[in-house]
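Data block below; observations after.
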Amino acid sequence: MTILHILTYPDKSLAQPTKPVENVDGTIQQIIEDLASTMYNAPGVGLAAIQVGFDKSIIVYDVSPREAKRSLQVLINPRIVTSEGEMLSEEEGCLSVPDFRADVKRAASVLVEGLDRDGNPLSISADGLLALVLQHEIDHLKGTLFIDRISALKRELYKRRVKKKLKKE
Ligand code: NI
């Protein structure tokens with residue numbers, strides 16, 4: 001079990017679009033294992049490979065209630081095919097944006113297509129928490145963080161806070 005270091009804003013990798021996975025091979029299986037350990041250890045409900053510096057379109061997530069048994073989900077090269085409606089993601093957060101939360105406008109439901117961890121096509125129709133997690137994680141693959149989706153004023157406040165903190169260190 002390997003716990004990987006999670007990159008945080010303003011690391012430049014987090015702002016770059018990721019590359020699609022060409023072959024779902026052993027390297028990909030290993031990174032999926034490491035992503036899962038890192039996500040559960042954090043703990044978080046979702047993690048994109050780029051958050052640990054692995055530049056491929058892979059996300060892992062688990063939205064099962066904490067008491068329930070773990071149910072790791074993996075999506076390779078996922079994309080949102082359709083999205084409908086609107087909902088407010090209350091107090092959204094991100095392992096790469098520590099100590100900050102904000103409400104984010106998200107689609108109410110999404111249809112996502114991608115590959116499962118064996119490389120087989122998969123399509124997921126989601127609403128509620130799962131829809132939010134999928135939108136958040138797929139955003140990471142485009143180099144978008146949730147702070148890119150909040151008001152400029154709130155974003156500036158956060159950026160200033162990070163700059164101050166980096167200066168102190
Ligand atoms: Ni995130």
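Values below: every heavy atom of this structure, side chains too, minus hydrogens, waters and symmetry copies. Both counts, for ligands and for their atoms, begin at 1 and track the order of listing. Along the sequence shown, residues carry numbers from 1. A quick note: this is a predicted structure, and the numbers were derived from the prediction, not measured.
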Practice prompt. Indicate yes or no: does E22 engage K56 in a salt bridge with an N to O separation below 4.0 Å.
Written response: no
Item to complete: Answer yes or no: are there more than 12 heavy-atom neighbours, outside E84 itself, under 6.0 Å from its atom CD?
Response: no
Practice prompt. Give the intermediate values and the outcome of side chain to side chain contact (heavy atoms under 4.5 Å, CB included) for residues V63 and Q73.
Written response: CA-CA 9 Å; V63 294; Q73 307 295 317; over 6 Å; no
Worksheet entry | Atoms of the protein (N/O/S only) found under 2.8 Å from the Ni ion (ligand 1) | C94 SG, H136 NE2, H140 NE2
Practice prompt. Salt-bridge test for R106 and D139: reply yes if a basic N is under 4.0 Å from a carboxylate O, no otherwise.
Written response: yes
Discussion item. Tell me whether D103 contacts the main-chain N or O of E90 through its side chain, where contact means a donor paired with an acceptor under 3.5 Å.
Written reply: no
Discussion item. Does the Lys NZ or Arg CZ of R161 fall within the cation-pi geometry relative to F100 - under 6.0 Å from the ring centre and within 45° of the axis?
Written reply: no
